[in-house]
Amino acid sequence: MRTAALGPDGRTNALARMAERELDVLVVGAGVVGAGTALDAVTRGLSTGLVEARDWASGTSSRSSKLIHGGLRYLEMLDFGLVREALKERGLLLGRLAPHLVKPVPFLYPLQHRGWERWYAGTGVALYDAMALSSGHGRGLPHHRHLSRRRALQVAPALRKEALVGALQYYDGQVDDARFVATLVRTAAGYGAHVANRARVAEFLREGERVVGVRVVDLEQDGSYEIRAKQVVNSTGVWTDDTQSMIAERGQFHVRASKGIHLVVPKDRIHSSTGLILRTEKSVLFVIPWGRHWIVGTTDTAWDLDKAHPAASSADIDYVLEHVNSVLAVPLTRDDVEGVYAGLRPLLAGESDATSKLSREHTVAHPVPGLVVVAGGKFTTYRVMAKDAVDAAVHGLDRRVAACCTEEVRLAGAEGFHALWNARARIAARVGLHEARIEHLLNRYGSLTEEVLELVADNPKLGQPLPAADDYLKAEIVYACTHEGARHLEDVLTRRTRISIETFDRGTRSARECAELMAGVLGWDAAQIEREVEHYGKRVEAERESQLQPDDQTADAARLGAPDTVPL
């Protein structure tokens, strides 16, 4: 497979190529489902385009709990089909499709009642493991185990002794969600899909009742393109109802947004060798290992305000802190919080008013000829959603099309990953970097690490870490622009890296240096560098202000105080 480099010129060229001739399939929205749909379509031999109004994964798909999991709590809801499907996908990602991006992560479930709870929870976790094995893809993770209170406190000394009588430990998968989506997009482009971010659909093109394409506005260069396609797939997540309204047709289903917020705290604030999963009155709360940090979340509340920038309120933060502190010997405080992020889950609207009870399953519909809509679902099951969407689109084509093959299509960077991992000490010696740096690169880029190291070979200064965010090399900032389609400073600090949530300054101390590194690739002048740094600073300021507000309405108003885009 040829790996596509999504450099600054590629985006404009892709838009021009999409407008040249009618495509078989055009996908609107480049979250995980849209990117997966583009990969599914192009690997069936279909001419495929993908457009995204902002950046890859700029919505829900960069703001998740960053887990690849079956959904243990759905067993309690007796949703066995969803759990079985998700566990199969988890196994495929860990073992075959993306072993460089999806990693095992342990979780401890503290038991608070003697006798019955161990039997009840233990039965559920045993069934979880059994369903994973029965899928044929469950051998990549250790089985669960029962722990006494003494053993649990050895594994997780941060827990209060009074908070548990014993524990269960089990494993799931973890992923950097935004990096995964960017890799999906690159994989699709490598197989021939035309992809473009910062390209907003302004209207659907119609011939009678049929949708025959879209008019796209280039948000970077003020141009517009008419892109025609035999089938258009609407994969816009929480924006599904808004997008559907553009064709003046009532949707066959509706999507409601549920807000989930997460806190990021330094690793030394919670003394544990395992993640935690805790019950709350509404849902579950995770404490998730994340490099030199912990991610703590999430909430599950209805959201009907700005979808592009959901805001975490002071009440949200207090809720998460209160629940995690109920089991910690040394409580977390606001001062311990490095980063905060909020995301929206696209849930299929149903009878229940509580979003935690709405369906996590997905639906595909054909509301008018030429248009397919896919919505709902979970990050873990994106590939199944993509398959179903393309299957629906194929029904509208006038020829036979190959069946889905993405169960066998490794993502860019997966091929050769294990061999390079085994050779990481030798690679480190060859390039003059510490072995830990090579491990970091391999876990982010897989075998594409060699492309990052080529930048260092050409300019050794790029082998240095960023002074204010030293987990990342300067080369990674440049690579985000030369190979991963990053167009703005926010793209790099919030999605290509996680500097925005992994540092107490939220990335402001790294902003200027990163902008200057990007400028050489993207052709920015001094004025554009200033605009990028100023915009990012205002974004951080607005987010901090929103997190001081008492409720959703005031938090939303504060977050909207920052401008949305940066003109070039």
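Enclosure of atom CZ in Arg426 is not indicated, since only 12 or fewer non-hydrogen atoms of other residues, nucleotides or ligands lie within 6.0 angstrom. Within 6.0 Å of NE2 on His271 lie no more than 12 heavy atoms contributed by other residues, nucleotides or ligands.
Side-chain contact annotation: Asp177 with Ser62, donor-acceptor N/O pair under 3.5 Å absent. Side-chain contact, Ser47 with Asp24: a donor N or O sits under 3.5 Å from an acceptor N or O. For the residue pair His262 / Ser65, a side-chain donor-acceptor distance below 3.5 Å is found, with atom types taken as modelled. When only modelled atom types and interatomic distance are considered, His144 and Gln169 share no side-chain donor-acceptor pair under 3.5 Å. Using a 3.5 Å distance cut-off with no hydrogens or angles, the side chains of Gln528 and Glu532 do pair a donor with an acceptor. Under the 3.5 Å distance criterion, with hydrogens and angles disregarded, a donor-acceptor pair is assigned to the side chains of Thr406 and Arg383. Side-chain atoms of Trp290 and Gln174 form no donor-acceptor pair, as typed in the model, at a separation below 3.5 Å. Defined by atom type and a distance below 3.5 Å, a donor-acceptor pair is missing between the side-chain atoms of Glu439 and His434. Of the N and O atoms on the side chains of Tyr341 and Glu543, not one donor lies less than 3.5 Å from an acceptor on the other residue. Glu541 and Tyr536 share no side-chain donor-acceptor pair at under 3.5 Å.
For the pair Thr381 (side chain) and Gly377 (backbone), a donor-acceptor distance under 3.5 Å is absent. Looking at Trp56, its side chain does come within 3.5 Å of a backbone N or O of Glu484 through a donor-acceptor pair. Under the 3.5 Å distance criterion, the side-chain polar atoms of Thr299 are matched with a main-chain donor or acceptor of Ile261. Side chain of Thr60 to backbone of Leu344: a donor-acceptor contact under 3.5 angstrom is found. When atom types are taken as modelled, the side chain of Gln221 and the backbone of Gly223 share no donor-acceptor pair closer than 3.5 angstrom. A donor-acceptor pair under 3.5 Å links the side-chain atoms of Thr187 to the main chain of Ala412, judged by distance alone. Checking side-chain atoms of Asp470 against main-chain N and O of Leu466 turns up no donor-acceptor pair under 3.5 Å. Between the side chain of Lys378 and the main chain of His69, a donor-acceptor pair closer than 3.5 Å is present. Of the possible donor and acceptor atoms, one in the side chain of Glu52 sits under 3.5 Å from a partner among the backbone N and O of Ala30. Judged purely by atom type and a 3.5 angstrom limit, Gln547 has no side-chain atom pairing as donor or acceptor with the backbone of Ala311.
Of the charged side-chain nitrogens involved, at least one lies within less than 4.0 Å of a carboxylate oxygen, so that Asp336 and Arg269 count as a salt-bridged pair. With salt bridges taken as basic N to acidic carboxylate O contacts below 4.0 Å, none links Asp176 and Arg496. Arg495 and Asp55 are joined by a salt bridge, as a carboxylate oxygen and a charged side-chain nitrogen come within less than 4.0 angstrom of each other. Of the charged side-chain nitrogens involved, none lies within less than 4.0 Å of a carboxylate oxygen, so that Glu407 and Lys387 do not count as a salt-bridged pair. Salt bridge Glu408/Arg96: present, at least one basic N to carboxylate O contact under 4.0 Å. Between Arg444 and Asp471 no salt bridge is recorded (no basic side-chain N to carboxylate O distance below 4.0 Å). Between Arg487 and Glu220, at least one side-chain nitrogen of the basic residue sits less than 4.0 Å from a carboxylate oxygen of the acidic one, meeting the salt-bridge criterion.
The heavy-atom pair separating Leu420 from Gly446 by the smallest distance is CD1-O, 4.5 Å. Heavy atoms only, all atoms of each residue included: Val238 and Lys307 are closest at O-CE, 3.2 Å.
Ring geometry for His100 versus Phe417: interplanar angle of 30 to 60°, hence tilted. Note: Tyr170 and Tyr128 have perpendicular aromatic rings, judged against thresholds of 30 and 60 degrees for the angle between ring planes.
Atom CG of residue Leu101 and atom CG of residue Leu93 lie 9.0 Å apart, to the nearest 0.5 angstrom.
Ring-centre distance between Phe107 and Tyr171: not below the 6.0 Å cut-off.
For Lys103 and Phe180, the positive end is not near the middle of the six-membered ring at less than 6.0 Å and at most 45° from its axis.
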